[in-house]
2 protein chains.
Amino acid sequence: MRRDAPARPVQQHEHNLALVARLAARAGPVSRAWLAQQSGLTKSTVTQLTGELVEGGLLRELGTGRAGGPGRPATLLELNALGPAAIGLQVEADHVAGCLTDLTGRVRDRAIRRAGDLRGEPGLAVRAAEPVLRRLLNTALSTDSVVAGIAVGLPGRVSRTGTVTSAGLGWQGTDLARLLGTRLAVLGGSGIPVTVRASARLAALAEAWFGGEQDAEVLVCVSGEQGLGAGILLDGTVLEGARGAAGDIGHVRVRASGGEPCECGAAGCLDTVAGQTALLRAAGVTEPARSRLAAGEGPLPALVREGERRAVTATRRAGTALGGALGGLASALDPDVIVLGGYLAGLGPRFAEWVGAALGQRCPGFAPSVRVRLSRLPADIVARAAAATVTRGLVDDPARWLAE
Amino acid sequence: MRRDAPARPVQQHEHNLALVARLAARAGPVSRAWLAQQSGLTKSTVTQLTGELVEGGLLRELGTGRAGGPGRPATLLELNALGPAAIGLQVEADHVAGCLTDLTGRVRDRAIRRAGDLRGEPGLAVRAAEPVLRRLLNTALSTDSVVAGIAVGLPGRVSRTGTVTSAGLGWQGTDLARLLGTRLAVLGGSGIPVTVRASARLAALAEAWFGGEQDAEVLVCVSGEQGLGAGILLDGTVLEGARGAAGDIGHVRVRASGGEPCECGAAGCLDTVAGQTALLRAAGVTEPARSRLAAGEGPLPALVREGERRAVTATRRAGTALGGALGGLASALDPDVIVLGGYLAGLGPRFAEWVGAALGQRCPGFAPSVRVRLSRLPADIVARAAAATVTRGLVDDPARWLAE
DNA sequence: TCCTTTTGTTCGTCCAGTAGACTATTTAAG
DNA sequence: CTTAAATAGTCTACTGGACGAACAAAAGGA
């Protein structure tokens, strides 16, 4: 219940600033009159509030728009693309990707650093992130943009205090934000706040923000590179769970008896059937494909398309196992849609059908109403989503930014 | 996302009224000074707000309390037990129970109407509810209390528009609120708002409110009389799902192949193994036990305790099936606690162990951290929880009540 | 008795949103 | 071209409601 929260009286002004900022952000260029009508505030109040937001660099005036009918044409407002920017990083086992976005969420620059193997010592990832960060910070500097924050997405679980435990990276209780923070000082970015998030959750947010699922009340996004994890969105808010483990479905048992042993100590886990390494091995694909790029462009989907027996069987088994595991989740959450992301998105449409069929097998009542589909977002979407958490934070609480 | 909600500016006064009312409700008799300190409002503001709440009959002054140390002793405030009351009804297949509670949630009167079989025509349930309502309304009248609302809990699904679909009662798209509303006019209770809720969700709220689980961030309560359903609470808020079906686990398939046919058309559903009728039959108990009273005081738990083979086997199978189904739910939600309510609570502690063991079998990662236990609440708790939704509604939004 | 401490009220202040008049800028009609 | 209607945005006075400080009330302790 956590009701002992800082029960403080509402700050009306803060709230109304955020209300106006959110409306302007969502609806693109809009007039003050429209904002007033939508928000329920008066025109004068909107004038006041938008004044503060323009002053603070979050909104900008776009000149007068065309008049559709009679009446004075509106001066349009929109998010200020030249205002504060954000950096998103995506740490995977074999590379670090990053992007710089403006307030609207548009990518201004990208960078990627491939590495053989970043697993083990967290310092490896920090070192790999350094050139990425340097480039993006420089790009921001060259366009005179302040970087309002850096957000990192990685496979694993992030505790409430921000420490990371990741089987995929071999980390345990790593305070990545602190490590990156000290590194940032060297790069001339000291003081920029760093946040860390589980990539499964960022992938789910990405589907809602960039994947056309903004209307889904309950969205589940299964993704992962090594192990599988699900991000769950309820009305656009990430479900965390009591210990931050909500959606950790990688170690649900999908083999009734026996099954391959898993890193986690048990056997027959979902990861041992539908995890990337396991799937490639079962399909007889020897090439060490680790990122989604490799899976999506690699041989597996092609083999499945061509009907190669071993590949089809392994992929269908993976889909069936995943669908069965998702059955319990679906009956608990009653989702609108289940999106298959990460390397799963590269497995082709038949995979989604297999997942959907197994889901229907396990809980027939839900199957007809739940959409199961592949993600259409690119492989580095987690970095973009991470950056978007920062810019959305600015829009959702402009007062903090305006206070500088 | 449902963001197109009535985005209206905050009503600061409304919010602060609710803040003060909630604090007073939770902490029992308190002084104005304490409220000011806790809420972050000033003493003068609290004086103003509590004045309105006392005026409106929601709070009452309790006289000056003892002074612990030096200083003027406080005049204590608490929820006004003589203020508005609420009626909760619990409709089951063979009876209608009801209670009248005051603002504090204390039961002032109870009533129950047993009937042979209320399934089929909704009018049967309405007629059975009539004497219950008459008695409770009379009790309220005799103590000069206004009934602020009536809430009904029943097994089944309640759509967003309030219509009920219940396999257990044989209803489909029934607008019970309207039916009861017209009946209420006859009983001199016209105008009292009626709401209808799924009893699984009310049972979950009951565990949070009366069952000692007020601190659980994620609470799952499995309950049911005929079919099983789970109520899910996230930070005290009921999870609804995209179609209002969140937690409907009764028709998750728990038999890989075959399994008994279910009412729903499929086969091998959880209800066919762990539902009450199925369980009693499998255990060889012929007596037609329908309500939890019958199961809890009936022969089954005794037989299990004594180790009668057929009863033990059937109950263990039911527990194993339920635990397996809850595995997927647990990995999705990462709950603090799973409470077994309804007739399951009468199956004894070994049942909970079986459920927990099967849960651990299915997802080992979660098992150690999730408590699985039986409900300690009485059989008619749904009625009390229903009434409490009404009184909590008053405390959570006192402004609406004060506006009369 | 008087001082200290804490409660609760009163009164004046001030912030921020409201109401509505007023100006600005367009289209459409005469 | 002139004028009316429509719409956008600003300005000023007003008001609701929270705040702050001073003060009265009611204790305990020296």
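Source: prediction; values computed, not measured. Residue numbering restarts at 1 for every chain, and letters A, B, ... go by the order of the sequence lines.
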Completion exercise
From the candidates C/dT18, D/dA26, D/dA18, the one with an atom nearest any side-chain atom of B/Pro73 is D/dA26
Problem - Contacts of type side chain to side chain donor-acceptor pair (under 3.5 Å), residue B/Arg400, not counting sequence neighbours - result: B/Asp397
Completion exercise
note: B/Leu76, atom CG; C/dT6, atom C1'; distance rounded to Å ~ 14 Å
Practice task
Considering just the side-chain nitrogens and oxygens of A/Asn16, establish if one lies under 4.0 Å of OP1 or OP2 belonging to C/dG17.
Solution key: yes
Practice task
Measure distances between side-chain N and O atoms of A/Arg72 and base N and O atoms of D/dA8, and say whether any donor-acceptor pair falls under 3.5 Å.
Solution key: yes
Fill in the blank from the handout: With A/Leu136 as partner, the option from A/Asp109, A/Leu141, A/Val147 fulfilling side chain to side chain contact (heavy atoms under 4.5 Å, CB included) is A/Asp109
Practice task
Would you kindly check whether a donor in the side chain of B/Ser44 faces an acceptor in the base of D/dA18, or vice versa, at under 3.5 angstrom?
Solution key: no
Exercise for the section: Rounded to the nearest 0.5 Å, what's the gap from CZ on A/Arg22 to CG on A/Leu17? Could you check? Expected result: 11.0 Å
Practice task
In whole angstrom, give the distance that lies between atom NZ of B/Lys43 and atom C1' of D/dA22.
Solution key: 10 Å
Completion exercise
With the side chain defined as heavy atoms from C-beta on, A/Thr47 is closest, among C/dT27, D/dC19, D/dT10, to D/dT10
Handout entry: Presence of salt bridge, B/Glu78 and B/Arg106, under 4.0 angstrom
Key = no
Practice task
Would you mind reading off the distance between A/Leu77 atom CG and D/dG9 atom C1', rounded to a whole angstrom?
Solution key: 11 Å
Problem - Whole angstrom value for the distance that separates P of C/dT25 from CZ of A/Arg32 - result: 14 Å
Exercise for the section: Check side chain to side chain donor-acceptor pair (under 3.5 Å) between B/Arg197 and all other residues, then give those that pass, not counting sequence neighbours. Expected result: none
Practice task
State the CD-CG distance between B/Gln48 and B/Leu53, to the nearest 0.5 angstrom.
Solution key: 10.0 Å
Problem - Gap between atoms CG and P, on B/Leu35 and C/dT7 respectively (whole Å) - result: 12 Å
Exercise for the section: Rounded to the nearest angstrom, tell me the gap between atom CD in A/Gln48 and atom P in D/dT12. Expected result: 14 Å
Exercise for the section: Look at the side-chain N and O atoms of A/Thr45 and state whether any lies under 4.0 Å from the OP1 or OP2 oxygen of C/dT18. Expected result: yes
Problem - Ion pair check, B/Arg32 and B/Glu61, cut-off under 4.0 Å - result: yes
Handout entry: Spacing between A/His13 atom NE2 and D/dG16 atom C1', to the nearest angstrom
Key = 17 Å
Completion exercise
Within residues 49-64 of chain A, those residues having any heavy atom closer than 4.0 Å to DNA chain D are none
Practice task
Check the distance between D/dA6's C1' and A/Gln37's CD and give it to me in whole angstrom.
Solution key: 15 Å
